[in-house]
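Comments concern the structure below.
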There are 2 protein chains.
Amino acid sequence: MARTQGSHSEITRPRVRAAALKLFAEHGYAAVSMRQIAREVGLQAGALYNYTPDKQDLLFSLMKAHMDELLAACSERVSQGDAMARLRAFVDFHITFHMGRADEIFIAYMELRNLTPENFETIEALRRSYENHLEAILAAGLSEGIFDVPDSKVTTLAVIAMLTGITTWYRPDGRLSPEEVSELYWNMVRKVVGA
Amino acid sequence: MARTQGSHSEITRPRVRAAALKLFAEHGYAAVSMRQIAREVGLQAGALYNYTPDKQDLLFSLMKAHMDELLAACSERVSQGDAMARLRAFVDFHITFHMGRADEIFIAYMELRNLTPENFETIEALRRSYENHLEAILAAGLSEGIFDVPDSKVTTLAVIAMLTGITTWYRPDGRLSPEEVSELYWNMVRKVVGA
DNA sequence: GGTTGATTTGAACGCGTGTTCATATAATTA
DNA sequence: TAATTATATGAACACGCGTTCAAATCAACC
């Protein structure tokens with residue numbers, strides 16, 4: 001039972017999180033054991049508790065980190081300006097942000113069921129914050145008189161669903177480049193909100 | 001260990017399936033035990049094996065039944081006609097068909113990970129069939145010269161994602177009636193495919 | 001009414017699970 | 001250098017899991 005040479009929490013902790021993220025996304029939280037995660041890192045399961053209080057916290061903190069990062073980046077990257085410019089920025093942002101994070105967005109949507117009630121509330125609130133960001137853009141476009149959106153809440157949900165669906169089929173080695181995907185989706189979103 | 005009076009496989013089997021569907025949708029396949037399903041029906045776990053060979057087959061057959069029914073109903077209800085009429089029929093069909101089946105569509109998307117490889121292939125093929133139905137409508141509209149769709153495959157995926165997302169937020173006791181939802185989504189889809 | 005088949009229970013099997021904790025080794029600090 | 005802290009193992013605990021199957025009761029048939 002030697003301490004592995006060169007081991008350090010700043011090395012091992014991120015590896016534990018990356019292994020958990022990958023396995024949760026691939027198989028689902030409930031189907032993945034702590035022994036599996038440990039094996040992926042090259043540890044025994046008991047070691048994981050140096051890095052996470054328990055399994056639920058591991059999932060929750062992965063999801064929360066993703067949502068926090070998403071919201072921070074969104075605030076920064078979707079700049080002020082007229083509604084159409086902001087909408088374009090939002091669509092581009094959403095697509096590029098998530099393209100390198102298929103696993104994160106996957107669990108953010110698919111593992112809500114496996115959160116404790118209080119953890120669920122936290123993540124739900126963060127998701128609503130993100131949705132509200134888009135809805136505010138739609139509302140601005142409406143008051144600027146350039147969008148035609150009968151129900152901004154429903155339109156928000158439809159557009160988010162459309163954009164989020166990309167991760168289910170997009171492959172980096174696929175037929176379309178990220179720029180092409182962005183362009184195609186911008187074209188559709190622009191039409192959805194337009195006259 | 002009495003046989004329950006009045007029990008019959010034509011009564012118990014559907015109740016087992018309904019309980020499994022509900023619990024799988026609510027908690028996820030891997031997180032739901034056979035003892036939980038049995039409890040929901042009012043049986044012991046050992047009795048379930050009179051109705052399903054195993055847990056995986058229970059999930060698979062629920063998913064397959066849903067997809068088979070969806071495809072059969074779609075073929076019947078999305079009639080011949082010009083592309084715009086068929087697209088409208090498709091959107092209306094998708095929304096109304098799924099509104100009463102939130103649990104079914106939920107597991108059809110979220111429990112793919114828990115299928116064995118061969119079961120996954122079967123369900124995937126059925127999903128592609130459904131998507132191809134919409135894509136064929138888009139192609140028809142293109143050749144009729146009434147749709148402007150730069151990439152029919154991507155548009156198909158975007159529209160399906162939009163429509164399928166309804167089940168994540170729609171509530172029968174919510175602010176919108178099914179007709180209102182259909183109208184809103186038709187309006188958006190019409191714009192997506194139009195000039 | 002007796003026989004056969006259908007349906008259920010309860011017990012058991014052979015695993016697997018999340019978690020704890022004493023112990024050993026590596027790294028850091030005084 | 002010795003003491004302290006960090007990091008990992010391995011064993012164990014107290015469950016739970018999917019599944020099987022003998023036995024008991026109800027239903028259907030002859």
Side-chain angles (χ1 to χ4, degrees), chain A residues 1-24 26-63 107 111 113-117 119, chain B residues 1-24 26-63 107 111 113-116 118-119:
Chain A
M1 65 176 77
R3 171 180 181 173
T4 305
Q5 291 198 1
S7 62
H8 193 275
S9 70
E10 293 192 8
I11 295 172
T12 311
R13 185 189 300 276
R15 292 184 60 221
V16 168
R17 292 176 67 83
L21 174 63
K22 177 185 163 204
L23 289 170
F24 288 160
E26 190 172 338
H27 302 289
Y29 171 79
V32 173
S33 69
M34 297 297 268
R35 287 173 178 83
Q36 242 174 311
I37 297 169
R39 218 161 24 240
E40 183 77 21
V41 182
L43 300 179
Q44 298 298 317
L48 298 185
Y49 296 87
N50 283 310
Y51 306 105
T52 182
D54 57 32
K55 192 182 179 188
Q56 168 71 203
D57 193 81
L58 185 54
L59 175 66
F60 173 69
S61 77
L62 285 171
M63 290 169 83
I107 69 171
E111 299 298 344
R113 288 180 295 177
N114 286 306
L115 294 176
T116 59
N119 287 344
Chain B
M1 61 178 81
R3 172 181 181 172
T4 304
Q5 291 196 359
S7 63
H8 193 275
S9 70
E10 293 192 8
I11 294 171
T12 311
R13 185 189 299 277
R15 292 184 59 217
V16 168
R17 291 176 68 85
L21 174 63
K22 178 186 160 203
L23 290 168
F24 288 160
E26 191 171 336
H27 300 292
Y29 172 80
V32 173
S33 68
M34 298 297 268
R35 287 171 177 83
Q36 240 172 314
I37 297 170
R39 221 163 18 243
E40 182 77 22
V41 182
L43 300 178
Q44 299 297 315
L48 298 186
Y49 295 87
N50 283 310
Y51 305 105
T52 182
D54 56 35
K55 191 181 180 187
Q56 168 72 203
D57 193 81
L58 185 52
L59 175 67
F60 173 69
S61 78
L62 286 171
M63 290 168 83
I107 68 170
E111 300 298 344
R113 286 179 298 177
N114 285 306
L115 293 175
T116 60
E118 54 275 7
N119 287 344

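Between the CG atom of B:N114 and the P atom of D:dG18 there is a distance of 12 Å, given to the nearest Å. For the pair B:Q36 CD and D:dC15 P, the interatomic distance rounds to 18 Å; values are reported in whole Å. Distance, B:L48 CG to C:dT7 P: 14 Å, rounded to whole Å. When the C1' atom of D:dT19 is taken as reference, atom CG of B:D54 falls 9 Å away, rounded to whole Å. Distance, A:M34 CE to D:dG16 P: 19 Å, rounded to whole Å. Atom CD1 in B:I37 sits roughly 12 Å away from atom C1' in D:dC17 (whole-Å rounding). Between the CZ atom of A:R15 and the C1' atom of D:dT7 there is a distance of 13 Å, given to the nearest Å. Distance B:R13 CZ to C:dT8 P: 11 Å, rounded to the nearest Å.
Contact between A:V32 and A:H27 at its shortest, heavy atoms only, is CG2-CB, 3.6 Å. Across all non-hydrogen atoms, the minimal contact from A:T52 to A:M34 is CG2-CE, 4.3 Å. Of all heavy-atom pairs between A:G6 and A:I11, the closest is O-CD1, 3.6 Å. Of all non-hydrogen atoms in B:R15 and B:V41, the two that sit nearest each other are NH2-O, 2.9 Å.
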Side chain to side chain contact (heavy atoms under 4.5 Å, CB included) assessment of A:L43 paired with A:T12: CA-CA 10 Å; A:L43 300 179; A:T12 311; 3.9 Å; yes
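Within the 4.0 angstrom heavy-atom criterion, no nucleotide atom of any strand lies near A:V41.
Out of C:dG10, D:dT7, D:dG18, the shortest distance to the side chain of A:N50 is found at D:dT7. In this structure, the nucleotide among C:dA26, D:dG18, C:dT8 sitting nearest to the side chain of B:S7 is C:dT8. Here D:dA8 is the nucleotide among D:dG18, C:dG10, D:dA8 with the atom lying nearest to any side-chain atom of A:Y51. In the set C:dT9, C:dA27, D:dT19, the nucleotide with an atom closest to the side chain of A:Q5 is C:dA27.
With rounding to the nearest 0.5 Å, the separation of CG in A:D57 from OH in A:Y49 is 11.5 Å.
An OP1 or OP2 oxygen of C:dT8 is reached within less than 4.0 angstrom by a side-chain nitrogen or oxygen of B:T12. An OP1 or OP2 oxygen of D:dC17 is reached within less than 4.0 angstrom by a side-chain nitrogen or oxygen of B:S33. Neither OP1 nor OP2 of D:dC26 sits under 4.0 Å from any side-chain N or O of B:T4.
For B:E111 and A:R113, the salt-bridge test passes: some basic side-chain N is under 4.0 Å from an acidic carboxylate O.
In this model, no side-chain donor or acceptor of A:R35 finds a partner on the base of C:dG16 within 3.5 Å.
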With 3.5 Å as the limit, what N/O pairs link the protein to nucleotides 20-25 of chain D?
unit_1, atom_1, unit_2, atom_2, d
D:dA24, N3, B:M1, O, 3.3

